[in-house]
Amino acid sequence: MNYGELFQKIRKARKVSLKEMEDIVPRRTLTRYEKGETDFPISKLEALLQRLDFSLDDFYHATHDKKIYPRYGKVFKRLREQRGFSLQDFSDIPVTSHQIKLFETSIIMLGFDTIYAMLQEMNISLQDYSFLLNKGAEEPFGALLQDIDGAYYKGDKPALQKFYLETKECGRFLFLSLSIKVLLEKISCEEIRELEGFFMTVDLWTNYELFVFQHTAYLLSSSNLKLICTDILSLKYLFEDRFFCQRRLALAGLKIALSRIKRKKSIAARYFLDFSKEFLRESDELTKTTYHFVESLYSYRETGEERHKVIMQEVCDMSLKQNGLMKEWYQENYEKLIK
């Protein structure tokens, strides 16, 4: 792309007409410049670019990039906006807000080091970003989320309390902190409304969004949840090779189903059990065991048949005997809902 073509692209993107710039350069001259038929002094070009809110450095940067990959900038923008970052939030990185904007609108490509630094600022790994570019989205806070998962599955409330206090101090971890809080205590109606607003605007489902969904979605209304679940099911192919994504979605469905069983919402409970089943993996013993437990509870409540109660008791006994994950969760729910 030559200078004139790029200038025209920027001008049209800014919705500025040739007439609005003829006080700097005659319209006919500017038309010829955009066609690559003429040139004019740098001072004139700089004045024109300033009218477009564009720097000379960015202009030359754009013209010297040999190849632009539009999806890189588009995906980055969606992630940035979804995470609540403004263009000015990367001031510690050697990149201007103008350059980020140009990157997001497919006018320039940023260097690998710059993209990597901005992803790190948003707690998104390069692996996750690459996966999203090619297929879908995954795992921003990998190690931290795994540690929180471990504490939850083991019923380690002191560890969860520690994670809650640590994440509470960071504004960027608002919904992560809220998710941990749900595991420790009841949250307010206002906080539930914040969660509903968050989920209804999610466009890219990374491990972060799925973590929040796994632990808090059961608090949302069934009508909103069905809309969200329908959206997730339409993207099922994105999670086919992502073990933790499938585990989170399966466990989220089971947690929602359990909450509906408790409230005697049989139809809703069945819907979310079926949703969970869509993401079960044969190799994931934790999720399969939890599914059998919740499905047996559902069947017992529906039919009163003793065999379903026996299955739940066997799950509890086996988990306690093997010191398994979620042993306290199984026992607590069995005692509350059966005994």
Side-chain angles (χ1 to χ4, degrees), residues 144-164 167 176-187 192 195 207 210-220 225 243-265 268-302 307-339:
L144 175 60
L145 295 186
Q146 285 184 25
D147 289 342
I148 298 171
D149 283 335
Y152 168 65
Y153 295 138
K154 294 174 184 176
D156 188 347
K157 290 194 174 181
L160 288 173
Q161 184 68 33
K162 176 176 175 290
F163 286 126
Y164 170 63
T167 55
L176 175 59
S177 174
L178 197 53
S179 301
I180 303 170
K181 185 178 180 181
V182 168
L183 301 177
L184 295 166
E185 60 188 71
K186 288 184 178 181
I187 62 173
I192 293 174
L195 285 168
N207 198 11
L210 292 175
F211 178 93
V212 179
F213 187 73
Q214 176 186 347
H215 296 296
T216 68
Y218 75 97
L219 296 168
L220 278 60
L225 275 173
F243 175 83
F244 283 106
C245 288
Q246 291 187 331
R247 170 178 277 190
R248 292 200 189 287
L249 288 165
L251 291 176
L254 293 175
K255 199 165 188 176
I256 300 166
L258 181 63
S259 72
R260 273 43 181 184
I261 292 170
K262 290 177 180 178
R263 289 154 54 182
K264 299 181 180 179
K265 303 287 186 180
R270 184 69 260 173
Y271 175 88
F272 293 112
L273 272 170
D274 292 341
F275 172 84
S276 176
K277 194 172 184 179
E278 290 289 325
F279 298 98
L280 286 181
R281 292 173 64 117
E282 188 61 33
S283 60
D284 188 357
E285 290 298 330
L286 172 66
T287 307
K288 285 198 303 179
T289 302
T290 307
Y291 180 83
H292 289 316
F293 181 88
V294 178
E295 186 181 45
S296 296
L297 174 60
Y298 171 83
S299 299
Y300 180 72
R301 284 291 189 91
E302 289 295 298
R307 61 190 178 91
H308 300 301
K309 182 179 177 181
V310 171
I311 292 173
M312 285 184 284
Q313 184 62 66
E314 288 175 349
V315 170
C316 291
D317 293 344
M318 185 62 69
S319 182
L320 285 170
K321 183 178 179 180
Q322 297 182 352
N323 195 28
L325 296 176
M326 296 181 68
K327 60 182 181 181
E328 294 181 4
W329 186 88
Y330 295 132
Q331 196 64 39
E332 180 183 346
N333 281 290
Y334 182 81
E335 291 176 355
K336 282 184 177 180
L337 300 170
I338 301 299
K339 288 187 176 181

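Tyr152 pairs by the side-chain hydrogen bond (donor to acceptor under 3.5 Å, both in side chains) definition with nothing, not counting sequence neighbours. With sequence neighbours left out, the salt bridge (charged side-chain N to carboxylate O under 4.0 Å, His left out) criterion links Lys181 to Glu191. Phe163 meets the ring-ring contact (aromatic ring centres under 6.0 Å, His included) test with no other residue; sequence neighbours excluded. In this structure, Glu302 has no salt bridge (charged side-chain N to carboxylate O under 4.0 Å, His left out) partners at least two apart in sequence or on a different chain.
Residue pairs meeting the salt bridge (charged side-chain N to carboxylate O under 4.0 Å, His left out) criterion with at least one member in residues 250-262: none, sequence neighbours excluded. Judged as a salt bridge (charged side-chain N to carboxylate O under 4.0 Å, His left out), the pairs with a partner in residues 273-289 (not counting sequence neighbours) are, in order, Lys236-Glu278, Arg247-Asp284, Arg270-Asp274, Glu282-Lys288, Glu285-Lys288.
When every heavy atom of Ser296 is checked against every heavy atom of His308, the shortest pair comes out as O-CB, 3.4 Å. The shortest non-hydrogen separation linking Ile261 to Arg301 is O-NH1, 3.3 Å. Contact between Met326 and Ser319 at its shortest, heavy atoms only, is C-OG, 4.3 Å. Closest heavy-atom contact between Met312 and Phe293: CG-O, 3.7 Å. Smallest separation of non-hydrogen atoms from Ser276 and Ala250: OG-O, 2.7 Å. Of all heavy-atom pairs spanning Leu176 and Val212, the tightest one is N-CG2, 4.4 Å.
Considering only heavy atoms from C-beta on, Gln246 stays 4.5 Å or farther from Leu210 through its side chain. Asn333 is not listed as a side-chain neighbour of Val294, based on a closest heavy-atom distance of 4.5 Å or more. Side chains of Leu195 and Ile187 form a contact here, defined as non-hydrogen atoms less than 4.5 Å apart. Between Leu251 and Phe279 the shortest side-chain heavy-atom distance does not fall below 4.5 Å.
Interatomic distance, CG of Leu145 versus CZ of Arg248, reported as 5.5 Å (0.5 Å rounding). Interatomic distance, Leu178 CG to Tyr164 OH, rounded to the nearest 0.5 Å: 8.0 Å. Taken to the nearest 0.5 Å, the CD1 atom of Ile311 stands 11.5 Å off from the CG atom of Leu297. To the nearest 0.5 Å, atoms CG (Leu258) and CD (Glu295) are separated by 13.5 Å. A distance of 8.0 Å separates CG in Asn207 from CZ in Phe244, rounded to the nearest 0.5 Å. With rounding to the nearest 0.5 angstrom, the OG atom of Ser179 is 11.5 Å from the CG atom of Leu160.
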(request) Check the pair Tyr334, Val315 against side chain to side chain contact (heavy atoms under 4.5 Å, CB included), reporting the backbone distance first and the verdict last. (result) CA-CA 10 Å; Tyr334 182 81; Val315 170; over 6 Å; no
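In summary, of the residues considered (Leu254, Ile256, Leu225), a side chain to side chain contact (heavy atoms under 4.5 Å, CB included) with Tyr218 occurs for Ile256 alone.
Comment: Lys162 does not engage Asp147 in a salt bridge, judged by the lack of any side-chain N to carboxylate O separation of less than 4.0 angstrom.
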